[in-house]
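Structure first, then comments.
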Amino acid sequence: MKSFTVRSLVREARDNLFLAAPLIAAQLSFVGMHTVDTIMAGQLGETALAAVAVGANVWFLSFIVFMGLFMSVSPIVAQRVGAGRFAAETGDFLRNTLLLAVGLGLSWTAIVHLIAHPVMSRLGLSAETARIAEAYLRTISYGAIPFCLCFALRNGCEGLGVTRVPLIAGLVGLGTNIAVNFPLMYGAFGWPGFGAVGTAWGTVVAISAMLGVYLVCYRLEPTLAGLRLYAHAPRWRPELWEIFRLGAPIAATVIAEAWLFNLGGLLMARFGDTVVAAHQVALNFASLAFMVPLSIGLATTIRVGQKVGAREPEAATLSGYAGIWLGAAFALLSAGIMVLLPDSIVRLYTTVPEVSELAVRFLGFAALFQIFDCVQATANGALRGFKDTRVPMAVTLVAYWFIGLPVAALVSFHTPVGPAGVWCGFIAGLSVAALGLVLRFRRRTRRLEPGQSGSVLMT
């Protein structure tokens, strides 16, 4: 590691937090939309709640693919801004990215419509639950184009360092979702309600409202308006292939992590409903806390990418290490809260004694898990700033699929540890990922020389 003063690290960490704070709120707003849907669907009964849960989980599997692809837009834009290629070239790139977003959104909608019935008919659901879940999935797919456009425009904002716009869009989306869910579910003004499927329509309306916020801000916000996004019609350019080249490994990384937790939940199901409920309590709280290091990682991508584009390797290295240390510091804070206040945390979710006792135990594992999760998230963000996505993908695939999952299955089913073995698998996978990504960042930054461009730093 290069030698930096404490003052320089603190200053960089402060600037990172300034960027990350709106992103934290934006992430929580976005997560809140799903929470609202779940709570309101629960008011319609067990069948409706189950249908929304199943439909949302299937949708999420495709959602993370397209979200991951467009996460590549942030480092691409950040490096262009750092290199001084702002108004003309960056504006052209983002404008043309919108054309790609529409095409991918259409493909996404078509794929979901094709798989909706075959998938739901093979999940062993009751006929009514399968019917509602299929309708939910088909309905929410109409939001695929707005989702892809929002992914592109949001990551464009982040690459430019304009993080308050995603915050505004997130709050508008959450508020819209809350406002329209009730009339869409139960009916209003003479219109019939759609029941549980109304929550899917609410998501489509909410993401469309978010898209409207982005489109307005790209015209009125001074920095974004400087891109002249509406000056010309978008067109296909070969440079758009970079989104796939960088985004495919990012999507694979996100999928690998998501499946680690999804399959871990399936392993927990073998131990009964009480264990599943306790696991969900601990994991949900850890997931909410994870929004902070995730946002720090996004801000670190911006800071590193702009420094790389400006051919300032020492500054890029400083930004990366500051982000990683900031993630580690928050990890210690959140882990401390989980260790010191587990009973208070669990009471927010449940008062059932059997569930509470297990959830408190799982939170102890979550505290350790949180440390490694925060470090890997921020180290991954730092590497994306260098457009380094292939090696991190390999590191995370090995860590999660070849270490994390086998350890989870082995320890939980073949040792006295029992269901807590799943958390041991999480910890094993995340610790290997964190170590591997930090070592990769260290190796990458050791090779830097003053004057290198972003393209030279590609793997």
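Small disclaimer: the values here were computed from a predicted structure and weren't measured.
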Write down the atom of [X], the atom of [Y], and the distance for their closest heavy-atom approach.
{"X": "T378", "Y": "G327", "result": "CG2-CA, 3.8 Å"}
{"X": "R390", "Y": "P249", "result": "CG-CG, 4.0 Å"}
{"X": "T389", "Y": "R245", "result": "OG1-O, 4.2 Å"}
{"X": "A434", "Y": "V375", "result": "CB-CG1, 3.9 Å"}
{"X": "L267", "Y": "A408", "result": "CD1-CB, 4.0 Å"}
{"X": "A116", "Y": "R138", "result": "CB-CG, 4.0 Å"}

For V395 and T253: C-alpha separation, side-chain torsions, deciding distance, then whether side-chain contact (heavy atoms from CB on, under 4.5 Å) applies.
CA-CA 9 Å; V395 169; T253 299; over 6 Å; no
Just wondering, do [Y] and [X] contact through their side chains at under 4.5 Å, heavy atoms?
{"X": "F402", "Y": "V432", "value": "no"}
{"X": "F271", "Y": "S412", "value": "yes"}
{"X": "L318", "Y": "S8", "value": "yes"}
{"X": "L153", "Y": "V73", "value": "no"}
{"X": "F147", "Y": "M67", "value": "no"}
{"X": "R154", "Y": "L23", "value": "yes"}
{"X": "S334", "Y": "V292", "value": "no"}
{"X": "R164", "Y": "V162", "value": "yes"}

To the nearest 0.5 angstrom, please state how far the [atom1] atom of [X] sits from the [atom2] atom of [Y].
{"X": "T274", "Y": "L358", "atom1": "OG1", "atom2": "CG", "answer": "7.5 Å"}
{"X": "L114", "Y": "S141", "atom1": "CG", "atom2": "OG", "answer": "10.0 Å"}
{"X": "I250", "Y": "I255", "atom1": "CD1", "atom2": "CD1", "answer": "12.0 Å"}
{"X": "I145", "Y": "I207", "atom1": "CD1", "atom2": "CD1", "answer": "12.5 Å"}
{"X": "L397", "Y": "E257", "atom1": "CG", "atom2": "CD", "answer": "11.5 Å"}
{"X": "L17", "Y": "E12", "atom1": "CG", "atom2": "CD", "answer": "10.5 Å"}

Check: [X] side chain, [Y] main-chain N or O, donor-acceptor pair, under 3.5 Å:
{"X": "Q306", "Y": "G159", "answer": "yes"}
{"X": "T301", "Y": "G381", "answer": "yes"}
{"X": "Y218", "Y": "C157", "answer": "yes"}
{"X": "E158", "Y": "T163", "answer": "no"}
{"X": "N177", "Y": "M33", "answer": "yes"}
{"X": "R122", "Y": "P118", "answer": "yes"}
{"X": "S74", "Y": "M71", "answer": "no"}
{"X": "T129", "Y": "A51", "answer": "no"}

Ring centres under 6.0 angstrom apart (F365, H279)
no
When the ring planes of [X] and [Y] are compared, do they come out parallel, tilted or perpendicular, using 30° and 60° as the limits?
{"X": "F70", "Y": "F151", "answer": "tilted"}
{"X": "F369", "Y": "F426", "answer": "tilted"}
{"X": "F362", "Y": "W423", "answer": "parallel"}
{"X": "Y321", "Y": "F441", "answer": "perpendicular"}

Are there more than 12 heavy atoms of other residues, nucleotides or ligands under 6.0 Å from atom CZ of F18?
no
Is it the case that more than 12 heavy atoms not belonging to W259 sit under 6.0 Å from its CH2 atom?
no
Verify side-chain contact (heavy atoms from CB on, under 4.5 Å) between I324 and R442, making sure each step is shown before the conclusion.
CA-CA 11 Å; I324 293 170; R442 184 183 180 191; over 6 Å; no
Verify the distance criterion only: is there a donor paired with an acceptor across the side chains of S319 and N16 at less than 3.5 Å?
no
Check V52, T203, V112 against I140 for a side-chain contact (heavy atoms from CB on, under 4.5 Å) and give me the one that passes.
T203
Starting from the C-alpha separation in whole Å, work towards a yes-or-no answer on side-chain contact (heavy atoms from CB on, under 4.5 Å) for V58 and Y136.
CA-CA 10 Å; V58 174; Y136 175 95; over 6 Å; no
Check ion pair E357-R361 (N to O, under 4.0 angstrom)
no
Check the pair F244, L69 against side-chain contact (heavy atoms from CB on, under 4.5 Å), reporting the backbone distance first and the verdict last.
CA-CA 6 Å; F244 292 98; L69 278 174; 4.2 Å; yes
